[in-house]
Amino acid sequence: MRASFKTDFDRDGYVVARGLFGIDEVRRLRDHFMRLRRRGSYAGDLVGVEPHSRDPLRRYPRMAQMHRWDDTALRWLLDLRIAARLTVLLGTDPYAVQTMLYFKPPGSRGQALHQDNFYLRVEPGTCMAAWLALDPADEQNGCMMVVPGSHRWPILCTRKADTRVSFTDVTVPIPDDRPARPAVMEAGDVLFFNGSLVHGSRPNQSVGRFRRALIGHYIQADARQVAQYYQPALRMDGSPLHLDVSDGGGACGEWTEDGHVAMSGQHTVSRKHE
Ligand SMILES: O=C(O)CCC(=O)C(=O)O
């Protein structure tokens, strides 16, 4: 772990661990989840699988909470390399609460800018994500976009998102002088980011490149509550524990059909930016 790993994270709200997973491991994970996706539908899918849909995200919808029924996902979620880095970044042990797999084939919409703790409702503190690139991710195929320093902002009121470019219907406003920046990554890199960090992704505009990512969500071990959707939390040895249930929250972004703008009705705090 490089010396600036934690200071970069504290300053920006995110940090990339380059090459944390080897290329063979990444290939195995990619093949595994592609096989599962082609095999059928699972609890936690963002939307029903429609193999012949014109919408690429309906052909390859996001999977979630796979670790509850898939051993490969569980082992990855609890991986010691991730655990060690989270412990450094959080200053406490992590608990694991979610897995997700974004396939993001060519032509897919992205996910509008948001803050994860809007959905997880971790208290006290916030959540953390470990976002493993399973393909090279750049601006053309819709890499992650992050707003450096926004982890110090409160959870913002949401607004309507443009559902022609986002599969979710809500977003958060950002000031003109704090633009989202691309997090360009190689397969095997892991982006760690704070649950208040404003982030999202744009459409995959490449001609033929998937932008797959395997994501783990974690909370710090001194958190007392989290939304129902994330229960039970797991200690990093895999043993389950139930925390108090927060009001509201839910899965990280609800599916919205292309072009239909609708509000979710969930609003939270609004305070001025720092
Ligand atoms: O991978 C993406 O495009 C978005 C992922 C995301 O927003 C998240 O993990 O919270």
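This one's a predicted model, so the numbers in the text were calculated from it and none came from an experiment. Counting starts at 1 for both ligands and their atoms, following the listed order.
Close contacts of ligand 1 with M144, meaning ligand atoms under 4.0 Å from a residue heavy atom, involve 1 (O), 2 (C), 4 (C), 5 (C). Of all atoms in ligand 1, numbered sequentially from 1 with element shown, those under 4.0 Å from a heavy atom of D116 are 10 (O). When each atom of ligand 1 is checked for a heavy atom of S201 under 4.0 Å away, the hits are 2 (C), 3 (O). Shown in contact with I215 at under 4.0 Å from a heavy atom are these atoms of ligand 1, numbered in order with element: 9 (O).
In terms of protein heavy-atom proximity, atom 1 (O) of ligand 1 is closest to R211 NH2, 2.8 Å. Of the protein's heavy atoms, H199 NE2, 3.5 Å lies nearest to atom 8 (C) of ligand 1. Looking only at heavy atoms of the protein, atom 7 (O) of ligand 1 is closest to H114 CE1, 2.8 Å.
In this structure, the side chains of L101 and L134 come closer than 4.5 Å at one or more pairs of heavy atoms.
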Problem set entry | Audit row: F193, H199, ring pair (Phe, Tyr, Trp, His ring centres under 6.0 Å) steps and yes/no | CA-CA 9 Å; F193 60 94; H199 68 282; 4.4 Å; yes

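Sequence neighbours left out, the pairs with a member in residues 37-51 that pass salt bridge (charged side-chain N to carboxylate O under 4.0 Å, His left out) are R37-D45, E50-R58.
Between R235 and D93, none of the side-chain N atoms (NZ, or NE/NH1/NH2) sits under 4.0 Å from a carboxylate O, so this pair counts as no salt bridge. With salt bridges taken as basic N to acidic carboxylate O contacts below 4.0 Å, one links D71 and R75.
No side-chain donor-acceptor contact under 3.5 Å links H151 and D10.
On a distance-only criterion, K104 and ligand 1 share no N/O pair closer than 3.5 Å. Looking at H217 next to ligand 1, no N or O pair under 3.5 Å apart turns up.
In terms of modelled atom types and a separation under 3.5 Å, the side chain of Q231 and the main chain of V226 share a donor-acceptor contact.
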